[in-house]
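Scroll down for the structure; my scribbles are underneath it.
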Amino acid sequence: MLTQRQFHEHRPLTTAHLAQTMTLLSLSAIELRQKIESALASNPALELLEERRCPTCLRRLSGNAPCPVCSRPQTIAVDQPIVFVSSREDFQTHTSTRETETPEVGVPIAANPDDLPGFVLRQIAPELDPADRPLAAHILTSLSEDGLLGVPMAEIARYHHVPLDRVQNVISLIQHAEPVGVASPSPQEALLVQLEVLAENHSVPPLAYKAIREGMDFLSRHRYNELGSLLGISTAQAREIARFITKNLNPFPARAHWGDINYTSQKAEPNTQAYSYPDVVISKLNSETEESPLVVEVAIPLSGTLRINPLFREAIRQAPPDKTEQWKSDLEQATLLVKCLQQRNHTIVRLMRRLTVMQRQFILHGDAYLQPVTRAALSKELEVHESTISRAVSTKSVQLPNGHIIPLANFFDRSLHIRTAIKEIIEKEKEPLSDTQICKLLEKRDYFVARRTVAKYRSMEGILPAHLRKPNHNRRNRTHKTSQTL
DNA sequence: CTATGGCACGGATT
DNA sequence: AATCCGTGCCATAG
């Protein structure tokens, strides 16, 4: 049990406090913004202090501390990341200046999270027949919050007096822009488009298409045995497929990101989570050199610092008698919120500091270098309950120095590095290698997994068993990068 | 006999 | 407490 900090408030409210800390911790930056905004609106004791920028690097800072990047000690160890809380989303100003120069080229991460239509439009502009612009505009403004097409295609066609297939063409163009699958009429179609795009650069389980096309119903309900019999495969295999799909595809393109998807959350949750909005941004202090400390910015989606309005604290003494109770409780709630917020940030900062040290290689060099770390181990180190880590990790996404945005949970993926290693081995193999042989090769790279597991990963990646693979003399070279910055 | 896939158990995660 | 994931054991295919 963590005794955390003893708060010197006369009313500690420990249970309420703990409960709220938990909730706040599990909120992503976007959700947190809503929460704070509503608190600000309803509680006069809260006050949003103006944002403060570091005079040198223009980072937006939270609280009163000096800019941790610019005021760092000269002698800073390379493996010692600089971790701090930063107060608004547009870190992009200093990490990527390209964006402002060429707005046509959509760099996904730099998008304003509130402007999905414009973001997509910029990407497709070069390929879009100017005559179709109104169509595209119409489509993009009719998107639902999830990024699906809210109105029937026929309606759009009728409205503009154009043939249906022309609308279809525009939609198809839009679907292939980031976030892939937007403007699909249904989650199902969004998945299909994503799968198609994914298949260009990766191998995908061949049955995934059929699973989505025909087994969507089972898929969304986790009815794996039914799905299995539909596809003519075992339940376990069906689960593999489903796993692949949930892991790599997103039925609601405008939602968070590749990764965690809620098939079940069909309930009208006002989840306004914008697409690709990182909760944490990791960059290199000096992006030129290889040996450079990491800079980790934990996002607070507000421009400024939240605090208790000191005037309110004063005023409460002379409150009109009928209001004292109300004001008191306002003040109480406000302090609670602020404290919890601080604690949330504190926890995340500690978490990220430890995590970035352990996963430095992964952050810099990609999937193959991911260290297997369990949440449990980390929770022990940080002396918090494991569910705390779990909550903190599962809802958030991180932007890596290479610009990719991934779920923070990926930092704990126990199999990713092995899977990429297996893919590499098979890419390079001359003759088909059996699982056992692959297993041995993995051992040489210090990856110790059971032979059985190799088989699983292989099928997970949609790679056929050895006896069904072709001898690989001139297999296509793996020069495809997933998303070149164009 | 070897290579793989199915099933089930136990630890990790949520 | 329910679910997911890596593994061991066994059956089956070649």
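Below, chain A is the first sequence line, B the second, and so on; all start at residue 1.
Within 4.0 Å of A:Arg391, counting heavy atoms only, lies no atom of the nucleic acid at all. Within the nucleic acid shown, A:Ser459 has no heavy atom closer than 4.0 Å to any nucleic acid atom.
Between A:Tyr457 and C:dG6 there is a side-chain N or O to OP1 or OP2 distance below 4.0 Å.
Along DNA chain B, the stretch of nucleotides lying under 4.0 Å from any heavy atom of chain A spans, 5' to 3', B:dA3 to B:dT14.
For the pair A:Arg452 CZ and C:dT12 P, the computed distance is 16 Å after rounding to whole Å. Atom pair A:Leu464:CG and C:dG14:P shows a separation of 15 Å (rounding to whole Å applied). Rounded to whole Å, atom P of C:dG6 lies 15 Å from atom OH of A:Tyr447. Rounded to whole Å, the distance from CG on A:Leu468 to C1' on C:dG14 is 11 Å. The separation between A:Met460 atom CE and C:dT7 atom C1' is 12 Å, rounded to whole Å. Computed from coordinates, the A:Leu416 CG to C:dC5 P distance equals 13 Å when rounded to whole Å.
The heavy-atom pair separating A:Thr395 from A:Asp279 by the smallest distance is O-OD2, 4.0 Å. Closest of all the heavy-atom pairs between A:Gly181 and A:Gln194 is CA-NE2, 4.3 Å.
Nearer to the 5' terminus of DNA chain B, by closest-nucleotide assignment, is the contact made by A:Lys456 (compared with the other of A:Lys456 and A:Glu386). In terms of position on DNA chain C, the residue among A:Val449 and A:His467 whose nearest nucleotide sits closer to the 5' end is A:Val449.
For A:Tyr457, there are no ring-ring contact (aromatic ring centres under 6.0 Å, His included) partners, not counting sequence neighbours.
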Let me check something: any side-chain donor-acceptor pairs from residues 360-375 of chain A under 3.5 Å, sequence neighbours excluded? List them with distances.
unit_1, atom_1, unit_2, atom_2, d
A:Arg360, NH2, A:Ser292, O, 2.3
A:Gln361, OE1, A:His365, ND1, 3.0
A:His365, NE2, A:Glu290, OE2, 2.9
A:Thr374, OG1, A:Ala377, N, 3.0

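Looking only at side-chain heavy atoms (C-beta outward), A:Leu306 and A:Leu49 stay at 4.5 Å or farther from each other.
Under the 3.5 Å distance criterion, with hydrogens and angles disregarded, a donor-acceptor pair is assigned to the side chains of A:Ser415 and A:Asp413.
With A:Ile426 as reference, A:Ile438 is the one residue of A:Ile438, A:Leu464, A:Leu433 to meet the side chain to side chain contact (heavy atoms under 4.5 Å, CB included) rule.
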